[in-house]
There are 2 protein chains.
Amino acid sequence: MIPTMHDVARVAGVSIKTVSNVINDFPHVRPSTRMRVLSAIEELGYRPNLSARGLRSGRTGVIGLAVPELRQNYFAELADAIIRAAEKHDLGVLVEQTSGDREREIAAVTGAGRLRLTDGLLFSPQRLGQDDRHLIQPRFPFVLLGERIFGGPTDHVTMHNVSSAQAATEHLIGIGRRRIALIGAHPDRREEIRSADLRVRGYKGALEAAGIPVDPQLIRAVAPWHRENGAEAMRDLIASGVPFDGLFALNDTLALGALRALGDAGVRVPDDVAVIGFDDIDEARFSVPSLSSVDPGRQEIAETAVELLVERINEKDGEPLPPLLVKSKFRIVARESTGSGGSS
Amino acid sequence: MIPTMHDVARVAGVSIKTVSNVINDFPHVRPSTRMRVLSAIEELGYRPNLSARGLRSGRTGVIGLAVPELRQNYFAELADAIIRAAEKHDLGVLVEQTSGDREREIAAVTGAGRLRLTDGLLFSPQRLGQDDRHLIQPRFPFVLLGERIFGGPTDHVTMHNVSSAQAATEHLIGIGRRRIALIGAHPDRREEIRSADLRVRGYKGALEAAGIPVDPQLIRAVAPWHRENGAEAMRDLIASGVPFDGLFALNDTLALGALRALGDAGVRVPDDVAVIGFDDIDEARFSVPSLSSVDPGRQEIAETAVELLVERINEKDGEPLPPLLVKSKFRIVARESTGSGGSS
DNA sequence: GTGAAAGCGCTAACAT
DNA sequence: ATGTTAGCGCTTTCAC
């Protein structure tokens, strides 16, 4: 049989409360008593039953993380960083994949989080958008990630999409490129608050600031942001005959696909076309040529998100703080694809 | 206040038992009663408290998955597949990262699994080896993954390392290569049971079967299996002047690094050197050139592992089945790096 | 077909 | 500094 606190108490010759005190590092326990309890725990191989503790305390020590899929590099790296951050707070992370499925995202947002033994939820939507923000229930500790929904009732950690995209474009302009293509714009016409639209805005801003006209022929809509689609968009652009000497891909995966298509077409990078991506996934350092990118501050995002969630979990019921919007710092990482040597 | 079963029972005008029956789909409930209970649940926004259920039933509905790190592509894809497989059994997955740290792997194996509200643990070691198999406690539902430990006291899901590596090497031989290099062998001399050694064995087996002598100069030790190390090993090999026309990299990440080094050195793939990797990560399809690889049956591994774990969880205490060793089916995936057209 | 009541293992008043 | 005790919300005999 699995030993309980009672068994430990009996073996140690103390009461169950003392065992609890020892386990929870309560200050007022005599060293000798503590030792006896600890050796009883050792002897019996006792492990606290976390379900019972959770029932009693109302805390499970586990938070949920809902992402589209881990096989998408960005989310694997995000999950990695979040699990590390949660660990510092002694929290476990239950990972749920929504597979970019609207219904599953709704399920994750509306209580399935509470349904899964978790104290709070970090949610990175891929389908839900601005119109769905009413679905978010501010009652359960919840932190929103990404840039599909703004102005929701909960804390939100995101990145400086517009200004970092502008900086990426300026980086290309800075090395003398004038005909800068963009792939990854959203197919829908109506302007929504979404990574794609925000980044396109930054791109246009940079061009305008430099007095370069925006050429609609250079802007290619691509969805979803997969390698094959990046490659295809690039093949289309090359085939169109529209001249260009720079490329801003709205994420690294698209950029990597584009790199592949450029290579196939015999276009030299960065000589003929300089390329910059977005996200700075690990892989960017090792492609041929290595890929310049925007580091959106993934680590900072992870740490901030976990910290905010922990604060919400610890928040007294009486005094709910207003929802916070946090944007992480970004950084342009110049590599070979924009002419910077080495493969750092 | 959060509603409980009692509240639902009161609103529905039934007893708490009836509510429980409805929630757990017990057969003997009158349809009209069921309806009343369901609408009471709806009205109150009731959600069962899983801590309480877990305490009572001894099950949490969550399993643990301990892997080195999700930022390693292979493990992200493994975790992805496992979460999907677990979902079919209505299980959540708590992901723990051991960061390739021995102490943390030991912690994961020895009860930390039980400490984390989980019903069982899937464990993929990176540091623990054959000598540590006594640490594995057969009492807690546990399934071992990978090939670092064999003959342990628990179920184990692994791949056909030797025969699939042999098949990979035969694939290179089949397209006429005779001087086949290998990168990724383990630096240690003493033969251990480990992916590297098993795959090297398959490589040698294929060469011997084809009557090709094994040239130690062509076998390069590399650890850990990162891109940069693959690239470095390849640069070394090229610099050594030892001629070769084929390369078997013991995983795709190494192969991708090697591809990069070959490209830098102006060596054409597959014309001068044909390359095959191992793991068939998503990225292999999109490198330049696309990378031939061995698909070790990741999906099958994930599904089998979860099924075995579920069986162990459901096992009556009385009749423990002997530990099972399962090997998944593999498949050679031929792409451009070994001369097969297209980028499938 | 439904109700009453015990108890899973733990924490936190409260008492000593 | 340590012991006693009452639940946390649920499942599960056992009656009815």
Side-chain angles (χ1 to χ4, degrees), chain A residues 1-38 40-41 44-62 90 111 114-119 314 316-317, chain B residues 1-38 40-41 44-62 90 111 114-119 140 314 317:
Chain A
M1 219 24 228
I2 293 168
T4 76
M5 266 192 172
H6 282 99
D7 300 320
V8 175
R10 198 166 22 73
V11 169
V14 298
S15 92
I16 173 179
K17 169 64 162 114
T18 305
V19 178
S20 175
N21 284 344
V22 170
I23 288 173
N24 297 298
D25 291 321
F26 257 60
H28 305 298
V29 180
R30 208 176 323 187
S32 64
T33 321
R34 154 168 279 114
M35 289 312 294
R36 253 187 313 142
V37 171
L38 287 177
I41 287 176
L44 295 171
Y46 167 77
R47 300 266 165 225
N49 178 321
L50 295 199
S51 286
R53 177 180 290 176
L55 173 57
R56 189 59 246 227
S57 67
R59 295 282 178 78
T60 63
V62 176
D90 263 313
R114 183 184 284 154
L115 219 144
R116 272 296 187 198
L117 275 173
T118 52
D119 294 335
N314 292 332
K316 308 292 175 203
D317 293 325
Chain B
M1 218 25 227
I2 293 169
T4 74
M5 266 191 171
H6 282 99
D7 300 322
V8 176
R10 199 167 20 74
V11 170
V14 298
S15 92
I16 174 178
K17 167 66 162 120
T18 305
V19 179
S20 174
N21 285 344
V22 169
I23 288 174
N24 297 298
D25 292 321
F26 258 59
H28 306 298
V29 180
R30 210 174 322 185
S32 62
T33 319
R34 154 168 278 114
M35 289 312 293
R36 256 189 309 144
V37 170
L38 287 176
I41 288 176
L44 295 171
Y46 168 77
R47 302 264 165 226
N49 177 321
L50 296 199
S51 285
R53 177 178 290 175
L55 174 57
R56 192 55 244 228
S57 67
R59 295 284 178 78
T60 62
V62 176
D90 263 312
R114 182 185 287 153
L115 219 145
R116 272 296 188 200
L117 276 173
T118 52
D119 295 335
F140 187 64
N314 291 333
D317 293 325

Fill in the blank from the handout: Closest of D:dT12, C:dT11, C:dG9 to the A:Arg53 side chain is C:dT11

Handout entry: Interatomic distance, A:Ile16 CD1 vs D:dG7 P [rounded to whole Å]
Key = 16 Å

Practice task
Consider the side chain of B:Ser20, meaning its heavy atoms from C-beta on, and name the nucleotide among C:dG3, D:dA6, D:dT12 that approaches it most closely.
Solution key: D:dT12

Exercise for the section: Return the nearest nucleotide to the side chain of A:Arg56; candidates are D:dC10, D:dT2, D:dC8. Expected result: D:dC8

Practice task
Could you check how far CD1 of B:Ile2 sits from C1' of D:dC8, rounded to whole Å?
Solution key: 12 Å

Exercise for the section: Select base, sugar-phosphate, or nothing to describe what B:Tyr46 touches, counting heavy atoms under 4.0 Å on all strands. Expected result: sugar-phosphate

Completion exercise
Of the listed D:dG3, C:dC10, C:dA4, the closest approach to the B:Ser15 side chain comes from C:dA4

Handout entry: Sub-4.5 Å side-chain heavy-atom contact between A:Met35 and A:Val29
Key = no

Completion exercise
Ranking B:Arg34 and A:Asn24 by the position along DNA chain C of their nearest nucleotide, the one closer to 5' is B:Arg34

Practice task
Choose from C:dG7, C:dT11, D:dT4 the nucleotide whose nearest atom is closest to any side-chain atom of A:Lys17.
Solution key: D:dT4

Exercise for the section: Flag the pair B:Ile23 / B:Met5 as yes when at least one side-chain heavy-atom distance between them is below 4.5 Å, and no otherwise. Expected result: yes

Fill in the blank from the handout: Of the listed C:dT2, D:dC8, D:dT4, the closest approach to the B:Arg30 side chain comes from C:dT2

Fill in the blank from the handout: With the side chain defined as heavy atoms from C-beta on, A:Thr4 is closest, among C:dT2, C:dG9, D:dT11, to C:dG9

Exercise for the section: Tell me what B:Thr33 touches on the nucleic acid: a base, only sugar-phosphate, or nothing, going by heavy atoms under 4.0 Å. Expected result: sugar-phosphate

Practice task
Measure the distance from CG on B:Leu55 to P on D:dG7 and round it to the nearest whole Å.
Solution key: 17 Å

Completion exercise
Taken to the nearest whole Å, CG/B:Leu50 to P/D:dT11 is 9 Å

Fill in the blank from the handout: Side-chain atoms of A:Ala52 come closest, of D:dT12, D:dG3, C:dG9, to C:dG9

Exercise for the section: Could you tell me which non-hydrogen atom of B:Thr60 sits nearest to which non-hydrogen atom of A:Leu117, and how far apart they are? Expected result: O-CD1, 3.5 Å

Problem - Heavy-atom check, side chain of B:Asp119 versus side chain of B:Val62, under 4.5 Å - result: no

Handout entry: Euclidean distance, atom NE2 of residue A:His6 to atom C1' of D:dT5 [Å, nearest integer]
Key = 10 Å

Practice task
Determine the contact category for B:Thr18: base if any of its heavy atoms lies under 4.0 Å from a base atom, sugar-phosphate if only primed atoms, P, OP1 or OP2 are that close, otherwise nothing.
Solution key: sugar-phosphate

Exercise for the section: Indicate yes or no: at least one non-hydrogen side-chain atom of A:Val8 is less than 4.5 angstrom from one of A:Ile41. Expected result: yes

Problem - Most 5' of B:Ser57 and B:Val29 on DNA chain C, judged by nearest nucleotide - result: B:Val29

Handout entry: Integer-rounded Å distance: C:dG1 P and B:Phe26 CZ
Key = 13 Å

Problem - Separation of C:dC10 C1' from A:Asp7 CG (nearest whole Å) - result: 13 Å

Handout entry: pair A:Thr18-A:Arg34: side-chain heavy atoms closer than 4.5 Å
Key = no

Problem - A:Arg59 CZ - C:dA12 P separation (whole Å) - result: 10 Å

